[in-house]
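To start, the structure itself, in structure tokens.
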Amino acid sequence: MQLAVNIVVLASIYALICCGYVLIYRVSRVVSLAHGELMLLGAYALYATASLFSGHPLVAIAVAALLAVVLGALVYVLLMRHLTGEMVLAAVLTTIALGILLRGAMVLVWGAQEQHPLHTLGWQNVALAVGPTAKVSAVGLTLVLATAAVYLGLWVFLRRTRWGIRMRAVGQNPLLAAQRGIGLHGIYALAWSLATFTGGLVGMLIASDSALDQGMVVIGLKAFPAALVGGLDSLLGTLIGALIVATAEVLLIHYVNPLLSDVVPFLVLLATLIVRPWGLRGTREELDRV
Amino acid sequence: MKRTLLLALLAWGLLGVGAAGAQEAYVIGATGAMTGPAAANFAPVLEAMKAYVDNLNAKGGVNGKPVQMLVLDDSGEPSKAAANAKKLIAQDRVLMLVSSSPSSTYAPLVVESKRAGVPLYYAGAVCPKETYPPADALQFCSTAYGATLDSQAALAFVKAQSKEPVRIGFATMAIPIARAEIEYAEQLAKTLGMTAVDTQITPPPVPDYTPFATKLKDANPNWVYSWSPWVSQVRTFEALRRLGWNGRYITWAHLNAEEELARLKDDTFYVVGTNAFFQDNLPIHAEIRATTQKAGLKYPATYLAEGFIAGLVAETALKNTSWPPTPAKVVGAMNNLKVDLKGLRGGPLEWTPDNHFRTTQYYRVWHWDSAKQAIIQIQDWQAIPVKR
């Protein structure tokens, strides 16, 4: 039972991280390699607001989430917008540069010291019983619920709302969408906002579950194979990919060797690439275009 | 033409004055992980050492000369460390090369240090075996933690505290130095009559430590010993507690141990270390606090003892180096060094031509006491002689 709980929590972490990669990719064909840094920035935003709104944890969380949304829009408006129409590779390289810049800026502002935003919020990460034998941390459970809510919310947004349908249209054929009067910049900015929000959210939750440190950037990249396994342009595929990678990782840690956890995501990715290079639910055409 | 000539002369003059200025100071250069994933362990050391040196200069420097300390960031990457070492030695002509970075950066530093005959001083970075007796001629170390000795101290404490048979689990991070130490500890535990039940090695970094802790808990240890970067030590412990494990946990007291004991508030979470806690309120602690405040450092004063020790060591070594200084003279001074650490450790730090680690290592153990709502020192300085 405990193994099942561990798998669900880890899969939720990977799924929530990968959500940002997929949102940006399926709309603009850009793989954001600054996603780990944006996660870290989201976590630092929570730490900053927790200190600023001491005694008002819900306000602090809401403001931090809002900051993440605004930050995503700013990244697009101030940086990525100028690369519209340029080679995709140029945009990807720009995200790498953005990541390096953000890493340096965060060390300058907050130093390299480990922080505990949950502690600053005045909350405890208590253990909750799941059945007779298993346990999950309160933040771990929040992570699972947040992932479910984000994916459900995105499904409704993309299927049922006007802006969601426009976003899908831009992802499928930006030229045609523009000719039909859809503002591409608005849609791209929205995609970056949503991706930075989900990245910031998972950053806040990981920092609350354990701690906030610079290693989070690497976690952002470690989750990337889950998105590729599922298919980089499919949210449902990402959920499946995250579940497969997490299951393999947790079982190998428990039954074979904990050291394998670092290579498991990439082993699963290699196996998927051999059998189905465009991912489990990805579009073959999209891969060819990369 | 006249103007160009004038500008050239002015530039030459300025450069000349700059070089002469540099000659009038003891110049030391440091390369460290000031940014990057490992920065939390290393950046506070160099920042504190720099603050110490600045304070020293404000008081008149060493032997009437200022100490110029250059700090370069290597982000914990070997290629950057190599470039930094080359620059510091060839261009800045430093008398001493200081490292505060992960062990993966050591190889290029050693090469550059040997090529130029400049001493390589590890401050806050793990002491390589070349600093233990019989020591390498150019490598020196004052960092608190020491391979094999730390495990000897920790497991001796476990044995002394346990009335029941000890079933011990181990947790570490997948980095060579930490894995080697835990392998040594496993063997040592067996010789001490303990049963080693499981070892968990986590890669750096991990989004969730629970899967690793689950396996460790299932092995049912009544003690767990961890020796690795703090992140792996404490998160494995917290995951174990959330899984309902009630055993005792002992681990290395890194820079942030004092703050972390107060945060965790767990009576059976022990830290073993060599640097006195600030709760001792020694005069040197007040000095560290004042210097920290003056320099406007981002880290709490409790993180900075290690950097001050490095400052004291560098000051003493340079004080024993006659003017004009050369790297060879500094090596000579470092080969016969005794530094009064003013209570920051259990005794003075001594280097001999054969021992560039220290002749005696002193350990204390602390834990949180819920009844007293305070950190309690449960074992006072225990001396372990450092031999071949």
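Each chain gets a letter, A, B and so on, in the order its sequence line appears, and its residues count up from 1.
Contacts between B:Asn41 and chain A at a heavy-atom distance below 4.5 Å are absent for every atom of the residue. When heavy atoms are compared at a cutoff of 4.5 Å, A:Asn125 approaches chain B by way of both its backbone and its side chain. Looking at A:Gln113, both its backbone and its side chain come within 4.5 Å of chain B, counting heavy atoms on both sides. For A:Ile253, the parts sitting under 4.5 Å from any heavy atom of chain B are the backbone and the side chain alike. Only the backbone of A:Val109 comes within contact range of chain B, with heavy atoms under 4.5 Å apart. For A:Tyr255, no part sits under 4.5 Å from any heavy atom of chain B, backbone or side chain. Neither the backbone nor the side chain of A:Leu128 comes within contact range of chain B; no heavy atoms are under 4.5 Å apart. Residue B:Tyr303 touches chain A through its side chain alone, counting heavy-atom pairs closer than 4.5 Å. Residue B:Glu47 does not touch chain A at all, counting heavy-atom pairs closer than 4.5 Å. With a 4.5 Å cut-off on non-hydrogen atoms, A:His119 touches chain B through its side chain but not through its backbone.
Looking only at heavy-atom pairs under 4.5 Å with chain B, the residue among A:Ala134, A:Ala223, A:Ser210, A:Ala129 that has the most is A:Ser210. When each of B:Arg235, B:Lys298, B:Lys215 is checked for heavy-atom pairs under 4.5 Å with chain A, B:Arg235 comes out on top.
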- Query: Where do B:Arg242 and A:Asp209 land on the side chain to side chain contact (heavy atoms under 4.5 Å, CB included) test, with the steps shown first?
  - Reply: CA-CA 11 Å; B:Arg242 285 198 291 265; A:Asp209 200 27; 4.0 Å; yes
- Message: Go through it in stages, so that I can follow the logic: the residues are B:Thr214 and A:His254, the test is side chain to side chain contact (heavy atoms under 4.5 Å, CB included), and I'd like the CA-CA distance, side-chain angles, deciding distance and then a yes or no.
- Response: CA-CA 8 Å; B:Thr214 302; A:His254 200 81; 4.2 Å; yes
- Could you check A:His116 against B:Glu259 for side chain to side chain contact (heavy atoms under 4.5 Å, CB included), going step by step and ending with a plain yes or no? CA-CA 12 Å; A:His116 298 272; B:Glu259 292 218 330; over 6 Å; no
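The two residues B:Thr210 and A:Asn6 make their nearest non-hydrogen contact at CG2-OD1, 3.4 Å. The minimum heavy-atom distance between A:Ile206 and B:Pro207, with the atom names listed, is CG2-O, 4.3 Å. B:Ile201 approaches A:Pro258 most closely through the heavy-atom pair O-CB, 3.6 Å. Taking every heavy atom of both residues into account, A:Ala112 and B:Ala40 meet most closely at O-CB, 3.0 Å.
A salt bridge is absent between B:Arg263 and A:Glu114: the closest approach of a Lys/Arg side-chain nitrogen to an acidic carboxylate oxygen does not fall below 4.0 angstrom.
Of the inter-residue distances, the one linking B:Gln200 atom CD with A:Ser261 atom OG reads 9.5 Å to the nearest 0.5 angstrom.
For the pair A:Arg103/B:Thr35, no side-chain contact is recorded, criterion being any heavy-atom separation below 4.5 Å from C-beta on.
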